[in-house]
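In what follows, a single structure is set out as structure tokens and then discussed.
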Amino acid sequence: MEQGQLDNIRHSFAHLLAAAVKELFPQAQLGIGPVIEDGFYYDFALLAEADLSKIEEKMRQIARKNLAFKKELWPALKATQYYKKEKQPFKLELIKELSQGKKPASTKATTDKVGMVWTGKLFLDLCRGGHVKNTKELPLDAFKLTRVAGAYWKGDEKNPMLTRIYGAAFSTKKELASHLTMLEEAERRDHKKLGPELGLFTFSDLVGSGLPLFTPKGTIIRRTLTDFVERLNRENGFEEVWIPHLAKPDLYKISGHLEKFQEDLFRVKGKGGEFVLKPMNCPHHIQIFQSQLHSYRELPIRYFQTTTVYRDEQSGELAGLTRVRSITQDDGHVFCTEEQIPQEFALNLKIQKELVAAVGLKEYWIRLSLRHPKNKKAYLGSDTVWSTAQRQMEDLLKKEKVPYRIAEGEAAFYGPKMDFMAKDSLGREWQFSTIQLDFNLPKRFGLEYTAQDGSRKTPVMIHRAFMGSVERFMAMLIEHYAGAFPFWLAPEQLWIVPVSDKFLPYAEKIAQELKGFRINVRRENETLGKKIREGEMQKIPYLLVVGEKEQTSNTISVRQRGKGDLGSMKPAEFLKKLSQEALPPQ
RNA sequence: GCCGAUGUAGCUUAGUGGCAAAGCAAUGGUUUUGUAAACCAUGUACGGCAGUUCGAUUCUGCCCAUCGGCUCCA
């Protein structure tokens, strides 16, 4: 089915939902009811209760009456009078905007027509159109009201909050079913569930929300990832630095963050005054740069560090590891000349691609955020430097054959940027890393280097993080792999499972021979079947079974995750096999 | 922060205005196991603080936390 027709179905369901709600709760006021990715929603005020099954039943009842959708064009004045009578303030607001939007500052505004759509004779709704012809065309087995949520009128938190009812709708029952199955799968892979199940991280009411604690197993994954990225940094000319986690507010006054994000800063009281827990690292790194005089010969200077920043995010925004208050960044800053911008972007893009390949992320693309072409004055930095840099960035992406989309007007006022986007198991896109040019901070802090002719010049800065937030990156990987990490990342790589405790000494001997891997000898007094089951549930890459047979022939029986029993082999043979997967793929 | 839902043992769940039930896990023992759950025994919980009540895990209020959204995201 075409998207247009599917949208018509979904939109018709939205009308049906509103009609059903008005039948059940006549005093409810209507907001808007658009089509969304997997269905539709409608917003209501003064909704007495949102009993989804009751409303859904009512929708079916109404649909079975075979009502025709019919659009009429009404003068805005007539529609206004109608909705005044109906006491629908949100609709009145919409009509006002619609008519004024067409002819601003015109007295003729009220003569403009607005679309009004009838559902039979039962229900009338302000609408620009896009419906099926008759409710009998609606696939009543292919929709489901899914959830209730609050949403601000017109998405502005200063406005009243309405009750939003979401529905999923497709053209066939089968499509709805597969959509619901997909949601279940996403739930199964949810890192919030898998993380604690696999013993990777936890939260504590006493520590506080949004402050994850990593267990030994989770820390192995963290450490493996950060070690890998730190090595990439060093190999590419970045120097590691270290900074404390607080600073005087003055630092952020100069950077401008104190004013912009004051609500979101954690403040710490000291004997001599107040400190701020660092919400970002650049001002600190800038202080290191500024501690010495720099020559153009030294540039580019590249600092990097894995370190945690603290942001007092709104409580309702916290979610598992994807949105936390202690965010660990693999942060880095390049100080360079304007001429060096393209080479530095290329370098960072190269590192980024290596990381993406290593963790096996297949579905990703880059959002190239550029300045708004019609509003060049709103941006800091010279016109030529901007246009050159933007052109160079796009040329680079073309040359490197990275999929990208241009987002005009999305650049920060201080510079253009590239953001890496990836799809998670819920099909949601998240940004996980960023490479940004910055013309602002060097100015604010008065950074300088001595140029070839002896004059003092201002360097440009590049902010970049390859994982972005280590916590969020881990969340993405947990869902990406559904907890079954590749060998190099797996917190426990090998389990050695003796058939009975008679073979414990042999199991220990094998563990010695395989030294260097993350090995767990399962000494518990349990049956083999049980230990195998546990190993499978913990998603251990290899289970090595040893018993009478193996001890006699000096072998191990190898069971690979997802592949089953591989038969027996000599430890040396197994080591050879492992050598291919012990490191991240290049 | 806002709207709504939820909170019973380490986990998954049952239940009640009057001694809180079970499975898995844990612990002790028996068993000596051949590729996804051996057997017996044992301990542990009503998120917190107030209020109503003779009595609250159950009802009410506030707080904390989690989830689904909205808003925000340097």
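Letters go in sequence order (proteins before strands), and every chain restarts at 1. Computed from heavy atoms alone, side chains included, the values below leave out hydrogens, waters and symmetry copies.
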Problem - Atom C1', compared across B:A45 and B:C19: separation rounded to whole Å - result: 15 Å
Exercise for the section: Please evaluate the base of B:U32 for a donor-acceptor partner in the side chain of A:Asn525 within a cut-off of under 3.5 Å? Expected result: no
Exercise for the section: Give a yes or no on whether a salt bridge exists between A:Lys417 and A:Asp419, defined as a side-chain N under 4.0 angstrom from a carboxylate O. Expected result: yes
Practice task
Taking only the side-chain heavy atoms of A:Thr527 (C-beta and beyond), determine which of B:U33, B:U32, B:G34 contains the nearest atom.
Solution key: B:U33
Practice task
Respond yes when some side-chain nitrogen or oxygen of A:Thr163 is under 4.0 Å from OP1 or OP2 of B:C3, and no when none is.
Solution key: no
For nucleotides 68-71 of chain B, list the nitrogen or oxygen atoms of the protein found under 3.5 Å from its nitrogen or oxygen atoms, one pair per line.
residue	atom	partner	partner atom	Å
B:G68	O2'	A:Arg147	NE	3.4
B:G69	O3'	A:Tyr166	OH	3.3
B:G69	O2'	A:Tyr166	OH	3.2
B:G69	N2	A:Gly150	O	3.3
B:G69	N3	A:Gly150	O	3.4
B:C70	O4'	A:Gly150	O	3.1
B:C70	O2'	A:Tyr152	N	3.0
B:U71	O2'	A:Glu157	OE2	3.1
B:U71	O2	A:Gln314	NE2	3.2
B:U71	O2	A:Glu317	OE2	3.0
B:U71	N3	A:Glu317	OE2	2.6

Handout entry: Interface with RNA chain B, restricted to residues 559-568 of chain A and to heavy atoms under 4.0 Å
Key = A:Arg559, A:Asp565
Problem - Euclidean distance for P, B:U44 against B:A21 (whole angstrom) - result: 11 Å
Handout entry: Any donor-acceptor N/O pair, A:Arg472 side chain to A:Thr322 backbone, under 3.5 Å
Key = yes
Exercise for the section: State the pairing partner of B:G61; accept Watson-Crick or G-U wobble contacts with both distances under 3.5 Å, and report none otherwise. Expected result: B:C49
Taking only N/O atoms, report every protein-nucleotides 9-11 of chain B pair under 3.5 Å with atom names and distance.
none

Handout entry: Out of B:A37, B:U35, B:C73, whichever nucleotide has its closest atom nearest the side chain of A:Val545
Key = B:U35
Exercise for the section: Check the angle between the aromatic planes of A:Phe201 and A:Phe203 and answer parallel, tilted or perpendicular using the 30° and 60° thresholds. Expected result: perpendicular
